[in-house]
S.K.: 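There's a structure below that I have some questions on.
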Amino acid sequence: MLTSTHWGVYDIAVKDGKVTGVTPFERDPDPSPIGHSIPGAVQGPMRVRHPAVRKSYLEHGTSPASRRKRGADAFVNVSWNEALDLVAAELKRVTTQHGNSAVFAGSYGWSSAGRFHHAQSQVHRFMNCLGGYVAHLGTYSLGAARTLLPRILMDMDVMRSQQTAWVSLEQHCELLVAFGGVPSKNAQVNSGGISQHEVRPMLKRLAAAGVKFVNVSPLRQDFESAPGAEWVPVRPNTDTAFMLGLAHTLIADDKHDKAFLAKYCTDFEPFRKYVMGESDGVAKSAAWAAQICDVPAETITNLARRMAQSRTMINVAWALQRGDHGEQPYWMAITLACLLGQIGTPGGGFALAYGPVGIEGANARTVPGPLLPQGMNAVKTPIPVARITDMLENPGGKYDFDGKVCTYPDIRLIYWAGGNPFHHHQDLNRFVRAWRSKPETIVVNEQYWNPAAKFADIVLPANTMLERGDIGSSNRDRHMIAMKRVIDPVAESRSDYDIFSELSGKLGVKEKFTEGRNEAAWLRHMYDVARERAKKIGIEQPSFEAFWSEGLIEVPAPLEPAVMLKKFREDPVANKLPTPSGKIEITSPTIASFHYDDCPGHPAWFAPVEWLGSPLTKKYPLHLMSHQPSTKLHSQYDHGSVSVASKIQGREAMTLHPQDAAARGIKAGDVVRVFNDRGACLAGVKIDDGVRQGVAVLPTGAWFDPLDVTVDNSLEKHGNPNVLTLDKGTSKLTQGCTAHTTLVEVELFKGELPRVTAFDPPAFTSR
């Protein structure tokens, strides 16, 4: 039977109640291998099989001494009834004594691709039935972009739904300039599922059609799937300066499209004065940019002239806005596209972006899929998603965000379902200290004994997508998948819905939460609602019975390939943008009115707090890039066979330039200590001249595994880069994460290697 995951659709083979293998979807031209981790993981030793409570929590409750043992304590298996009674009592105590604003249920993470058993949606619906919770705003992937774009263009998701299709590039594009490349490893995945992986096949088709590729990135591998791509190895975090150098060349050569700027954009003049040095005495010329980016000035000027002479698409990876001042490369890329004047033309303009997930650029219609209604949140104090540690450390503290002065809530209880904050968050040693000290109770619904479960007080065993029924659906994928249950729930695991249904009964809101429906009734209801929405946009879908029997629906392709902002270009008055001016805001009077010292009213260059041009390189001379892994989704299935096979001596693999490795006496296959003032981890070593010299690449996703969990800043022995990454907001405007603004040093690890224990379940004891 078919099941949908965030990295593909697979046919699941089962024998005697056990999963024996997976076969990729027959319609997928380039399936991801990640799915082969499913059988061993679903039935493996890391499953949470029974409700469990930390021993110290059972004995001493919410005392500070008990909290400090999170991550180091043994667990006690308890009955479902006892576990749910504990959770219900704590929710009632905290909300009664401190209000619902004392509960954080951010639960960030992709969890299941199924739309009903999506854990984050389930916990949010449950908490809203109880009166609300502190939520998060934005994503780690796109925190800066999601805040910036509505101010200068439109909502990020609306923009993505219009993204120019690959087939338009195949027919019309001449030059694809990709800042951060188009990494095929990222394109394996898509939130809500992906049935057909097309990025690598489409790049080959573009090359065959004559499209030229330029990869502006510290990593050659960021565009490895593009045949013949030119590589411009810039310093990390300097893309804005590079683009300013391009803009200066276009303006100085009088190659900028003045008519487009006048008709479709606002306030170009303040930006022009900044670029030409008239406002601050510093011309942002190619020579100026070359000093910052460490590339020849001729490379910048020649590329600018090629872009002006060609039908050019500018692509900017999501990774670029995950750095200090991360909103600037996005704002600058849009502005650069405005200077070229090709926005709204087939094959031209900009994309934000091709590659970060596999669905971008697909020639597919946007169809509203099934969704679990979450209700209204009565608590109106959400925090930017990357500011969790700040929130826990500083209750009642003030911070700037998007033109407002906000206040951090006083969190007493965390309920996490469907994610692993020990993967996503930065500066994990600081995060752990806050996680252990501030919340009085931490509850986790979890499938596996990952770090989030090991550092919780109460752990409720959730089942997987193979142990329940669901609907796999992404609103831009070509297929909707009927995800039928293929095996019985492992041990005592339950679905999040069943967990919250019983909890809601203990708290007096069961009817409100369930609306009288079981799983099967909800799937039918959600499908029927989505079917009616599809009908309103001219798409007929079969009955639920027919869909469930057939196993999938194929969504018809659009009548013509999408071209982003085509209608706006055709008539900017009738199709004005949702900005104050109705146009693209090169200069934003709104942002300027905030008077932020780290984000003026137009794109600008700010030196990052850590980068290869800073004095800190004398101590930490390597720039760490902690990008997405190729063998798993975030940290999901890090314990799976595909991820485990990629490790070096059990550690995540770090890639170094040959000269950086040789200078430190390091060879391929060695284990090294990677360190800075925030922490240290071990990693295996790969050597590749496709990494810019001075850059170290350590993918995210290794389960957090400190050598001594009872000691602050203990050596992390598995290769989790977030013990090293910087945890500060991108700017006062956007407050996104700055993981890619990190300097480190690397040295050969000497002595006996400690055993990796990330994939050991916790200790269990009796009362």
S.K.: Please determine whether salt bridge (charged side-chain N to carboxylate O under 4.0 Å, His left out) holds for the pair Arg220 and Glu230, giving the CA-CA distance in whole Å, both sets of side-chain angles, and the decisive distance to 0.1 Å.
M.R.: CA-CA 9 Å; Arg220 185 169 56 207; Glu230 302 169 42; over 6 Å; no
S.K.: Considering only heavy atoms from C-beta outward, does the side chain of Phe179 approach that of Asn315 to under 4.5 Å?
M.R.: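 They are not in contact (no side-chain heavy atoms under 4.5 Å apart), so the answer is no.
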S.K.: Would you call Phe401 and Leu733 a side-chain contact if the rule is heavy atoms closer than 4.5 Å?
M.R.: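 They are not in side-chain contact.
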S.K.: Residues two or more places apart in sequence or in another chain: which of them pass ring-ring contact (aromatic ring centres under 6.0 Å, His included) with Tyr108?
M.R.: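 Listed in chain order: His136, Tyr140, His424.
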S.K.: Tell me, with the steps shown, if Arg146 and Asp157 meet salt bridge (charged side-chain N to carboxylate O under 4.0 Å, His left out).
M.R.: CA-CA 8 Å; Arg146 286 190 181 279; Asp157 288 333; 3.2 Å; yes
S.K.: Per the salt bridge (Lys or Arg N to Asp or Glu O under 4.0 Å) rule, what does the pair list look like for residues 618-628, sequence neighbours excluded?
M.R.: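 Only Lys619-Asp677 qualify under salt bridge (Lys or Arg N to Asp or Glu O under 4.0 Å).
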S.K.: Could you tell me which residues satisfy ring-ring contact (aromatic ring centres under 6.0 Å, His included) with Phe594, sequence neighbours excluded, listed by chain and number?
M.R.: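 With sequence neighbours excluded, Phe594 shows a ring-ring contact (aromatic ring centres under 6.0 Å, His included) to Tyr596, given in chain and number order.
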S.K.: Judged by modelled atom types alone, do Ser593 and Thr590 share a side-chain donor-acceptor pair under 3.5 Å?
M.R.: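 Not at all, the side chains of Ser593 and Thr590 share no donor-acceptor pair under 3.5 Å.
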S.K.: Tell me, do Ile334 and Ile152 make a side-chain contact under 4.5 Å, heavy atoms counted?
M.R.: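 Yes, side chains in contact.
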S.K.: Please test Glu269 against Arg272 for salt bridge (charged side-chain N to carboxylate O under 4.0 Å, His left out), starting from the C-alpha separation and ending with a verdict.
M.R.: CA-CA 5 Å; Glu269 188 61 13; Arg272 187 199 66 79; 2.7 Å; yes
S.K.: Could you note down all residue pairs passing side chain to side chain donor-acceptor pair (under 3.5 Å) where residues 194-218 supplies at least one of them, sequence neighbours left out?
M.R.: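 Residue pairs passing side chain to side chain donor-acceptor pair (under 3.5 Å), neighbours aside: Asp28-His197, Asp30-Arg200, Glu170-Arg205, Ser195-Asp477, Ser195-His479, Gln196-Arg478, Glu198-Arg478, Ser217-Asp222.
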S.K.: Compare all side-chain heavy atoms of Val746 with those of Leu622 and state whether any distance is below 4.5 angstrom.
M.R.: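 The answer is yes, as the side chains (C-beta and beyond) meet within the 4.5 Å cut-off.
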S.K.: We want to know whether Thr741 and Asn237 form a side-chain donor-acceptor pair, criterion being a heavy-atom distance below 3.5 angstrom.
M.R.: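 Checked: Thr741/Asn237 side chains pair up, N/O donor to acceptor below 3.5 Å.
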S.K.: Are Leu137 and Ile383 packed together at the side-chain level, in the sense that at least one heavy-atom pair is separated by less than 4.5 angstrom?
M.R.: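 When only atoms from C-beta onward are counted, Ile383 and Leu137 do not touch, as no gap falls below 4.5 Å.
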S.K.: Using a 6.0 Å distance limit plus a 45 degree cone around the ring axis, check whether Lys284 lies over the aromatic ring of Tyr274.
M.R.: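 Yes.
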S.K.: Is it true that the side chains of Gln188 and Ser32 contain a donor and an acceptor less than 3.5 Å apart?
M.R.: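 Yes, Ser32 and Gln188 have a side-chain donor paired with an acceptor closer than 3.5 Å.
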S.K.: Donor-acceptor pairs under 3.5 Å, side chain of residues 654-663 to any protein atom, not counting sequence neighbours: which ones?
M.R.:
residue	atom	partner	partner atom	Å
His657	ND1	Gln659	N	3.0
Gln659	OE1	Gln693	NE2	3.2
Asp660	OD2	Gly694	N	2.7

S.K.: Taking the side chain as everything from C-beta on, heavy atoms only, tell me whether Arg692 gets closer than 4.5 Å to Asp294.
M.R.: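 Yes - at least one pair of side-chain heavy atoms lies under 4.5 Å apart.
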S.K.: Below 4.5 Å, heavy atoms only, C-beta onward: do Leu175 and Met313 meet side chain to side chain?
M.R.: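 In short, these two side chains do not touch, never coming nearer than 4.5 Å.
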S.K.: With a cut-off of 3.5 Å and sequence neighbours excluded, list every side-chain donor-acceptor pair involving residues 599-608.
M.R.:
none

S.K.: Under the criterion salt bridge (charged side-chain N to carboxylate O under 4.0 Å, His left out), I'd like the reasoning laid out for Asp597 against Lys732: C-alpha separation, chi angles, the key distance, then a yes or no.
M.R.: CA-CA 8 Å; Asp597 57 2; Lys732 293 174 183 173; 3.2 Å; yes
S.K.: Is any side-chain heavy atom of Trp318 closer than 4.5 Å to a side-chain heavy atom of Glu360?
M.R.: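 SC-SC contact between Trp318 and Glu360 confirmed.
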S.K.: Can you see which heavy atom on Met156 is nearest to which on Leu352, and at what distance?
M.R.: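 Distance-wise, the nearest heavy atoms are CE-O, 3.1 Å.
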